[in-house]
Undergrad: 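Questions regarding the structure given below will be posed in turn.
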Amino acid sequence: MLSFIARRLAIAIPTIVLVSVFVFFLQKLLPGDPALVLAGEERDPETLAFIREKYHLNEPILTQYFYWISAMLQGDFGISLRTNQPVLELIADKLPVTIQLAVMAMFIAMIIGIPAGIVSAVRKGTAVDYAANIIALSGLSIPNFWLGIMLIMLVSVNLGWLPASGYESPFVDPVRSLETMIMPAFVLGTALAATLMRHTRSAMLGILRADYVRTARAKGLRERVVVLKHAFRNALLPIVTLSALLFGELLAGAVLTEQIFTIPGFGKLIVDAVFTRDYAVVQGVVMCTAVGFILMNLIADVLYFLLNPRMRTAL
Amino acid sequence: MSVAGDIPAAGSKEQPRSGNRAWNKLKANKSAFVGFLLVVFFISIAALAPLLPIADPTATSWGAIRNAPSAAHWLGTDELGRDILSRMIWGAQASLLAGVVSVLIAVSVGVPFGLISGYFGGWIDQIISRATDALLATPFLILAIALAAFLGPSLTNAMIAIGLSAMPIFIRLTRGEVLAVKTEDYVEGAHAIGLPTPIILVRYILPNVFAPILVQATLTIATAIIAEASLSFLGLGQQPPAPSWGSMLNVAKNFMTQAPWMAMWPGIAIFLVVLGFNLLGDGLRDALDPRET
Amino acid sequence: MRKSLLAALLLSASTVIAPAMAADLRIGLQEDPDVLDPDQSRTFVGRIVYASLCDKLVDITPDLEIVPQLATGWSWSDDGLTLTMDLREDVTFHDGTPFDAEAVKANIDRSQNLPESRRKSEVKTIQSVEVTGPHQVQFKLKGPDATLLAQFADRSGMMLSPTAAAAAGVDFGANPICSGPFKFAERIAQDRIVLEKFGDYWNADAINFDKVTFLPIPDTTVRLANLRSGDLDMLERLAATDATSVKGDDSLQYEEAVSLGYQGITVNVGNGDRANNPVGQDARIREAFSLALDRDAINQVVFEGAFAPGNQPFPPTSPWYDKDHPVPSRDVEKAKALLKEAGHDSLDVEVQVANNPVQTQLMQVVQAMAAEAGFNVKLKSMEFASLLSDQSAGDYQASQIGWSGRVDPDGNIHQFVTCEGGINDSKYCNPEIDALLDAARTSTDLEIRKEKYDAARDILNADMPLIYLYHVTWIWALSDKLEGFTPYPDGMIRLENVKFK
Amino acid sequence: MKHFAQDTILEARGLGRTFTRGGGLFQQRTFVRAVDGVDLAVRRGETLAIVGESGCGKSTLARTLVRLLEPTKGQVLYEGNDIAHLPARDMRRLRKDLQFVFQDPFSSLNPRMTVGAIVEEPLTVHTQDNKTTRRQKVAGLLQRVGLRSSMADRYPHEFSGGQRQRIGIARALASDPSVIVADEPVSALDVSVQAQVINLLEDLKSEFNLTLILIAHDLAVIRHMSDRVAVMYLGEVVEIGDTETVYGAPRHPYTQALMRAIPVPAPGMRSMHADLPGDIPSPLNPPSGCRFHTRCRQADERCGIDGPTLETTDGTRQVACHHWRKVTEDQTRQKQEPPRSVATAKRFSLYREWSRKKMSNGPSSSPVVTTTQRKDKNA
Amino acid sequence: MVESLEMQSDVTAGSRLLTVENLAIRFKNATANTVDGISFGVDRGETLCIVGESGCGKSISALALMGLLPMPPAEIASGRISFDQKDLLSLPAKTRADLRGDRMAMIFQEPMTSLNPSFRIGDQIAEGVLRHRAVSPADARRRALEMLERVKIPAASERLDDYSHQLSGGMRQRVMIAMALANDPDLLIADEPTTALDVTIQAQILDLMRTLQQETGTALIMITHDLGVVAEIADQVAVMYAGKIVEQGPVQAIFDDPQHPYTIGLMSSLPSLGERQSRLTTIAGMVPTIDRMPSGCRFAPRCPFTTVTCEAQAPALSAVSDRHLAACHLAPLENHLAEAL
């Protein structure tokens, strides 16, 4: 097990290095001189020169990369060019927010998507299956940001039921936290629910055709037991793996939703940073999401490993 | 002499070709057909936009700003008094073009890499795979935003940005499919008759990984349309005064209370066309799946 | 009164919580401020926070008169080279450090010498600061500077605790210590900035809130929705298009003030090769362009009439406005004639514009109007960061950009049109203008200054390196629970005497 | 018994193929010696069968013989030249002579190519024929395997399993090869279709003077088709000899057990007691010494330590067993169905006669068959 | 062997366990019945082999007996199945499920995939016991162990906690048998239980099944395409072709006195282990697909003896001798064809 994780990590390292290269060079290609943005409206030449000097903006790009990566390796993610806050601190501030959002969205997605997928697989070809599929496809087809805007209009502006934006830590005010998060989590959750539903359905369809399900029926087991115990237990493997991967995507995928609901998470941080050319933040956050994503991939693999007796007993 | 014993008795009745068969299956699949109709509908209005008897999508009218839907303007007018219906119709061009072109870019760059990576394996596979992992680990929209910002806001650049961001999906998909197809007997058979590698790649591997790529491409068009809308929504896509659904939404969100219809129509249109591509993609998946008969 | 669903349930479950204790004010901001260090910060929105956090040496009235704040009085030497200022004696910083002449000296020193300082140009005329008494300072100037007091009414005049500033250095912004009515409590980037009442504030009686929370909510619709739902008590920069709806809402109050700044089109007349085109080289064409625009209509279409049409760096309401050059009414025929005179029937113009919906909407209107006079305007929409760097590098033909405005007129004009002006992206250069504007900034005599500016206006109106379009009106929307708010043209939110009813 | 020209066309010398498994994420790197040191000579014009149970390496051996898999050790001599180390380009040219027929008629044809294109491809690669000539040859080949030439435009999925196997055979024939390796060519087919394909293969073999290497697990099919048979167990050849000899008097204990296990389509013919205990050991971890010793009744201490090599026993038969001398031949008997009653025998001969008659008359839908001279092997 | 079979028949003779009458199964949108009116019976302790090529409907019939046929798309078009005097087709689904795994059990072709990979094999055996017997989990587990020992799995108590992938194909099939027999069913249906196995393992499994059947007196329906297996294990044989039973009778009669041309053709197609034939006799053509099912005798298009009658009219299954039935207009061939020749 440990050696498996170690091997998996060994593969992750070149990936992370490549991510760092992508991230760094990509945003160095971004047009616009960050010094100009940072110098303020007056753009005092002395200040400009100083900023360029301070952030190594006038040095060759490879040198800049070297500065950045070596600082990064020492745990120094730099400071935000815009707010002077350490990037690590920003990340520490935002990560729990995004994780909370992702967890809630995942939860919503799972309680909708998995049962719907099971039912539609069991009732394949019936109206229920058809309806579930259409709803799922609709969930996938609605642009997230539009759904968000519409919900804000309806639920917050017209009905006044939920706050339109904002964030509260669940440890400070759980009720308020839930209130502010439920809509964005729902918006994110719908698309995920659709994805989960479709995967659950196809996994279940495959498994319900499997010989061992027929064996279970041949034992006279109740259909409920056949479906929920024998079939679903095996469908769980791809579903859990997929969920871990989706969770990894969520960490980075909430970009527009956070923007619309003004949720101070990773997505908002990174979009704002791109637009204000806050290099250190872009680099730090993308690295962080990429590592998070890779980590979730790893967790998906480990879960696959743990849930699959074939893998487990192979050791 | 062993004679053709097992020729079908009613040999005169020609069986349909594989392409026809897929098409027939697609037609038989109601939801896929609905998707097909939706896609055809939007493609035709986009293509026919110049011929339709509609207002100039950029003609402003200071006297008719943000008018609610009426007989004169079926879908209302926007913040500059332009007819939303005609902007919707012309905007379909941008959305569809963005969806299709960006996927073409993704496919034409991603598939060759995937082919090479999957077929040859070894260090080249390692390099391509790690780079693909790295690209996949970078959030799609962030990648697209950064690329779009780098290239400068325009529809073309948004398409390139989305295309390049969607590329790793195709690398990975193609690679996986190639790995599966590579071990098929008929590929071994191609080796057995002594075919050179390029021919094996082009005649044996590529056609047999084509179906899943086509399905994925159709589904990715849906994603790309949303991505274009998202980029336009952030101001990085289609540039004014030319219309696109995403940029219409971008403006509309400022007038949510005063002119909700401005946000309704583009949202619904995006939803429908994306739904169309998703339905079609699903249908294609079933139709092209040799197992489902 | 709209309440959030869960909160309403909670409220009905528990007994009524004393409403009087809720002296927490929540203000919606359009953006997240940058670093909270007055010497380093550069955003408009940051100044709104400073208004509650950091007192300045002087303040302004809504009519832009300079009035005492931390300085009780001041006097100019006859040669205009020495400014003597008496300081308030009952002031301490949030960290307990007393405010005195040494503190002022230290602050000016920091503004001038901190490498990261963005204030250098604002205080560069100060030669030295002399401590002439525990609560008196003298500013020795390199030359006469009429703008200095106005600078002291803004970030350059904000006094930071010298002990804290010395200790924190460049990281002061992480925990800013000033002497304003509220002290810094916490900041969560992009989420909130929380200030708490400073008990030892010299003017504590005028302060009625225990806590102020600034919440950046960029989306105007969402910001307004939050105000309506009671999650905010007030917001700044209401979208002009929402004005009518707010005015019609009994539970909300509407306040506005025409800003000090302007929005316009900067034309590249001398900044590199791209200036070599008819628009950049022929003032008649620029005038034609200006005449093709109906500024009132623009205001009506884009801002529902809430803003102020303009043709100068100062709004028509400003005392500095030159009434000899009123906002021109649209004259397409004359525009066409001028264009013809310059040898063109029609002309391509590329204008870059920031890719936000309002500015692009504005430019689309301009585009449509200019078209009627023969201008074929091509819009190049770009991100603000790219726009700035292209503009600065001269890689543009014309650029839609604005200025947030300064209290002193000099701040709105000098650096844009003088040959060596720091933000002269147009690279307009006219020694005559330089002379007039330099004279205007050194005189403390308002009459003389006005004359100089008017003289400069005569020339600039003809040369037209910048085509002014309109002046933003700051609009605030407040809950009707609040009272005592005064709108200021600088767009700040001053909380003195504001309270819940 | 038939005697062929005794020259060897294809020969394996110490041939081995090791698969490396794992080294991936989940497993330790393991080595499977699927084929281990096989010496085998294939005579020109004969049918050599390789038989064994699943996992014994017979398919791997077949592929390694024609270098569809690269051997990891040893040599393969074709017409006396080592092809195991031939450059890829030269090897491609040689494939004209060495053709392969696959087991699974459903996966061995490219589903995206027409049948005509599939059969034509070897001609394109290996001949200078122009398009028209190739087309004609394809038509002829299709007819020869019992398909109509008009079927060339169709795709593989439009054909039944038996027809596909015919297409596979046509493709193998196209380049006019001298050796065909057929890997379980009929095991995926139903009995009645299987018989058709077996007949076809036999006809073609004599018609085109082919050497046939046949991989199969069905002992009756092998018995019917092959001249010599090699029995494999866990990567090694344990017995090789003329079919009649091996079937009639198997020497290796494994061969004997195999022969006894053959189900006979006559009630009461097979001994009801399975006398080969246990499972086939995992090829990942084969037993030491003689690989069969874990299941062998004859095994003693020596067998666990020291692997036997092939020894020639009688005539050309070779056996790899330390105890072959002790293993009595009469333990096994020739399996044979009991004689049929007169009426039944008549029915069978009626069936044979009428079938033949019906076919030569040809069903209305049958193609115009090129009447090729057929040499009846046993005539 | 013959003796022991006779002995067994004596014990249970005359006691009919299962009767299938005129069973027809049709799939949605099909133009013909996939299984078209088959009738047969199985006595207690008896072994019936249903033999035929792929697609002849033998597996579908077996699934229908068990009530495992997915309906839709399949439906029972007509017929009766009575098991132990109960009319199975009229029973509610719940009651049928109660019988399944208890009175009637089934094992399948693919031992590799028929066991649930996620559960330990002991639990999978015990599950069926718990479902049908009022026993404690511990007792069920004990029963599972006992069954593993009965199917001669070495070190059974250790194997109890294995997962299926840890077992070889033969071992898995043993586990399947253990599972099926755990509740002492009256009827065991085995669908090609040895097809996927190597020939030496196949012999072991057949051996085991026969031994267990003798011990328990369970009736066995064996579905197979392998005449060798039939010869070895059957008491009674039903030969199916294209959804119909074409010939039926005691094993000896079928092999010694085959009547139907299809049966004869099938036997002729097999390479003989005896004298080497020069060529195999084949059955021309291929099995008709369901949408091209001939209206008369379904074998007519492939039959060398087809007459006009054959094409027009489907022959009924009629007695050739005691308990030996064949569905051919020309049976016995030699009588009819002697004249024709």
Side-chain angles (χ1 to χ4, degrees), chain A residues 1 114 118-130 200-201 203-242 303-315, chain E residues 28 59 62-63 65-70 72-73 93-121 123-132 161-167 172 175-176 179-180 182-183 185 188-189 191 196:
Chain A
M1 183 72 204
I114 294 176
I118 295 175
V119 169
S120 115
V122 171
R123 303 248 178 283
K124 180 179 189 256
T126 65
V128 179
D129 177 31
Y130 202 70
T200 306
R201 179 175 181 273
M204 284 294 286
L205 276 181
I207 288 164
L208 285 171
R209 277 197 289 252
D211 289 344
Y212 55 79
V213 168
R214 195 177 52 186
T215 305
R217 292 208 177 101
K219 275 192 268 187
L221 299 181
R222 299 279 177 225
E223 194 57 21
R224 195 170 37 82
V225 180
V226 172
V227 171
L228 293 183
K229 185 179 169 191
H230 282 265
F232 185 62
R233 176 70 180 70
N234 286 285
L236 212 51
L237 188 63
I239 292 171
V240 167
T241 314
L242 175 76
L303 283 175
Y304 185 86
F305 195 91
L306 289 178
L307 285 172
N308 191 346
R310 182 182 299 269
M311 293 293 169
R312 216 167 38 210
T313 50
L315 285 185
Chain E
K28 216 169 97 181
S59 290
L63 288 175
L65 294 184
M66 280 298 280
L68 289 175
L69 203 56
K94 269 206 157 149
T95 323
R96 280 202 87 176
D98 289 340
L99 285 174
R100 246 192 333 260
D102 185 17
R103 304 303 350 123
M104 54 204 302
M106 186 162 180
I107 58 179
F108 303 97
Q109 174 173 1
E110 279 298 334
M112 303 315 251
T113 55
S114 291
L115 288 167
N116 194 321
S118 296
F119 297 102
R120 298 173 194 283
I121 58 166
D123 295 342
Q124 292 191 58
I125 301 171
E127 187 182 30
V129 179
L130 282 169
R131 161 72 176 85
H132 297 289
D161 288 327
D162 274 359
Y163 289 94
S164 61
H165 70 266
Q166 291 165 288
L167 305 177
R172 287 184 212 190
V175 171
M176 283 299 293
M179 196 186 296
N183 287 323
L188 174 64
I189 302 175
D191 186 0

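By convention in this document, chain letters (A, B, ...) are assigned in the order of the sequence lines, proteins followed by strands, and residues within each chain are numbered from 1. Because the structure is predicted, anything quoted here is derived from the model rather than measured.
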Undergrad: Calculate, to the nearest 0.5 Å, the distance between atoms OG and CG belonging to E/Ser118 and A/Leu237 respectively.
TA: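 So the gap between those two atoms works out to 7.0 Å.
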Undergrad: Quick check on A/Val213 against chain E: is it the side chain, the backbone, both or neither that has a heavy atom closer than 4.5 Å?
TA: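 When you check distances to chain E, no heavy atom of A/Val213 falls under 4.5 Å.
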Undergrad: For chain A, which candidate among E/Asn116, E/Ile107, E/Asp98, E/Leu115 shows the most heavy-atom pairs at distances under 4.5 Å?
TA: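 Ranked by contacts with chain A, first place is E/Asn116.
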Undergrad: Output the distance between atom CZ (E/Arg131) and atom CZ (A/Arg222), rounded to the nearest 0.5 Å.
TA: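 If we round to the nearest 0.5 Å, E/Arg131:CZ and A/Arg222:CZ are 4.0 Å apart.
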Undergrad: Quick one: does any side-chain atom of A/Arg214 pair with a main-chain N or O of E/Leu68 as donor and acceptor, under 3.5 Å?
TA: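 No.
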Undergrad: State whether the side chain of A/Thr215 and the backbone N or O of E/Ser114 hold a donor-acceptor pair below 3.5 Å, judged by distance alone.
TA: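 Judged by distance alone, yes, a pair lies under 3.5 Å.
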Undergrad: For chain A, which candidate among E/Glu110, E/Gln109, E/Met66, E/Lys94 shows the most heavy-atom pairs at distances under 4.5 Å?
TA: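 Max contact count across the listed options: E/Lys94.
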Undergrad: Considering non-hydrogen atoms only, spot the tightest contact between E/Phe119 and A/Arg233 and give its length.
TA: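 In this case the closest contact between E/Phe119 and A/Arg233 is CZ-CG, 3.6 Å.
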Undergrad: Less than 4.5 Å to any heavy atom of chain A: does that hold for the side chain of E/Leu130, its backbone, both, or neither?
TA: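 The answer is neither part of E/Leu130.
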Undergrad: State, yes or no, whether a side-chain contact exists between A/Lys219 and E/Gln124 at a heavy-atom distance under 4.5 Å.
TA: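 Sidechains of E/Gln124 and A/Lys219: in contact.
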